[in-house]
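To start, the structure itself, in structure tokens.
Sequential numbering from 1 along the given sequence is applied to the chain's residues.
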Amino acid sequence: MTTTDQPSPSTNTSPEGIPSRMRVRFGLLVTLFGLLIFLVGARPALFGLDRSPVVGFVQISVFLVGLSIVCIGGYISLMSFWRNGNRTIAADIGSRLVATGYVVAAFSGMADVFGLGSHVPPQVPLFGPWQATGVQIGEVLITIGFLLLIPIYRRKKTKEK
């Protein structure tokens, strides 16, 4: 690996110009689609699909798939604001926090299926209060990650005459 003594041509991590509208719109559409799937899994009664008094494996799977689509759509939308490709350390940490939050939510939600929860197989998996708390912690991590992905920069002040 060789290094040059010259600084990189683009050391500015602030967004250059206007972000791509198509990428922002596509990311927002993916996020809304994921939210719809998440709601079908989390609250099927909103759509007339509630057939069981408990939250079972299928519901958990559907809302985790919806949450993953929300994460992907949010990542696409927020990455469109970093047009020059260079991100700050906070933005890099944010993208990793989004992924980590999803892993925490997925493993918490599927704890019974993996044999780590209170209803180990062959019992029917049940989404209990501990799992709900774990999923909420994962969602908080995802939210913090998205907040870190937002580019914050100061505009140059113009001199008033």
Group every Ile, Leu, Val, Met, Phe, Trp and Tyr by side-chain heavy-atom contacts under 4.5 Å, then state whether V58 and L39 land in the same group. yes

Could I get the full list of ring pair (Phe, Tyr, Trp, His ring centres under 6.0 Å) partners for F107, not counting sequence neighbours? F114

Does any part of the side chain of S20, heavy atoms only, come nearer than 4.5 Å to the side chain of R25, both counted from C-beta? no

Taking distance alone, no hydrogens or angles, what donor-acceptor pairs closer than 3.5 Å link side-chain atoms of residues 144-152 to residues at least two apart or in another chain?
none

Contacts of L28 that satisfy side chain to side chain contact (heavy atoms under 4.5 Å, CB included) - sequence neighbours left out: V24, S77

Are I72 and L141 connected, step by step, through hydrophobic side chains (Ile, Leu, Val, Met, Phe, Trp, Tyr) whose heavy atoms are closer than 4.5 Å? no

Taking all non-hydrogen atoms of both residues into account, name the closest pair between A105 and L67 and its distance. CB-CD2, 3.8 Å

Show your working on side-chain contact (heavy atoms from CB on, under 4.5 Å) between M110 and S61 and close with a plain yes or no. CA-CA 8 Å; M110 291 289 188; S61 308; 3.3 Å; yes

Acceptor/donor pairs from residues 96-103 side chains to any protein atom, 3.5 angstrom cut, sequence neighbours excluded:
unit_1: R96; atom_1: NH1; unit_2: D92; atom_2: O; d: 3.1
unit_1: T100; atom_1: OG1; unit_2: R96; atom_2: O; d: 2.8
unit_1: Y102; atom_1: OH; unit_2: L64; atom_2: O; d: 3.1

Checking A111 now: which residues fulfil side chain to side chain contact (heavy atoms under 4.5 Å, CB included) with it, not counting sequence neighbours? L116, Q131

All side chain to side chain contact (heavy atoms under 4.5 Å, CB included) counterparts of T31, not counting sequence neighbours: V70

Once salt bridge (charged side-chain N to carboxylate O under 4.0 Å, His left out) is applied, what residue pairs with a partner in residues 132-153 remain, sequence neighbours excluded? none

Single-linkage hydrophobic cluster, 4.5 Å side-chain cutoff, L36 and L29 together: no

Are F57 and V135 grouped together when hydrophobic residues (ILVMFWY) are joined by side-chain heavy atoms under 4.5 angstrom apart? yes

Once side chain to side chain contact (heavy atoms under 4.5 Å, CB included) is applied, do any residues pair with T133, and if so which ones, sequence neighbours excluded? I137

Please name all residues satisfying ring pair (Phe, Tyr, Trp, His ring centres under 6.0 Å) with F63, sequence neighbours left out, ordered by chain then number. F38, F127

Ignoring hydrogens and angles, write down the donor-acceptor pairs under 3.5 Å from the side chains of residues 41-49, residues two or more places apart or on other chains.
none

How many angstroms lie between SG in C71 and CD1 in I76, if you round to the nearest 0.5 Å? 11.5 Å

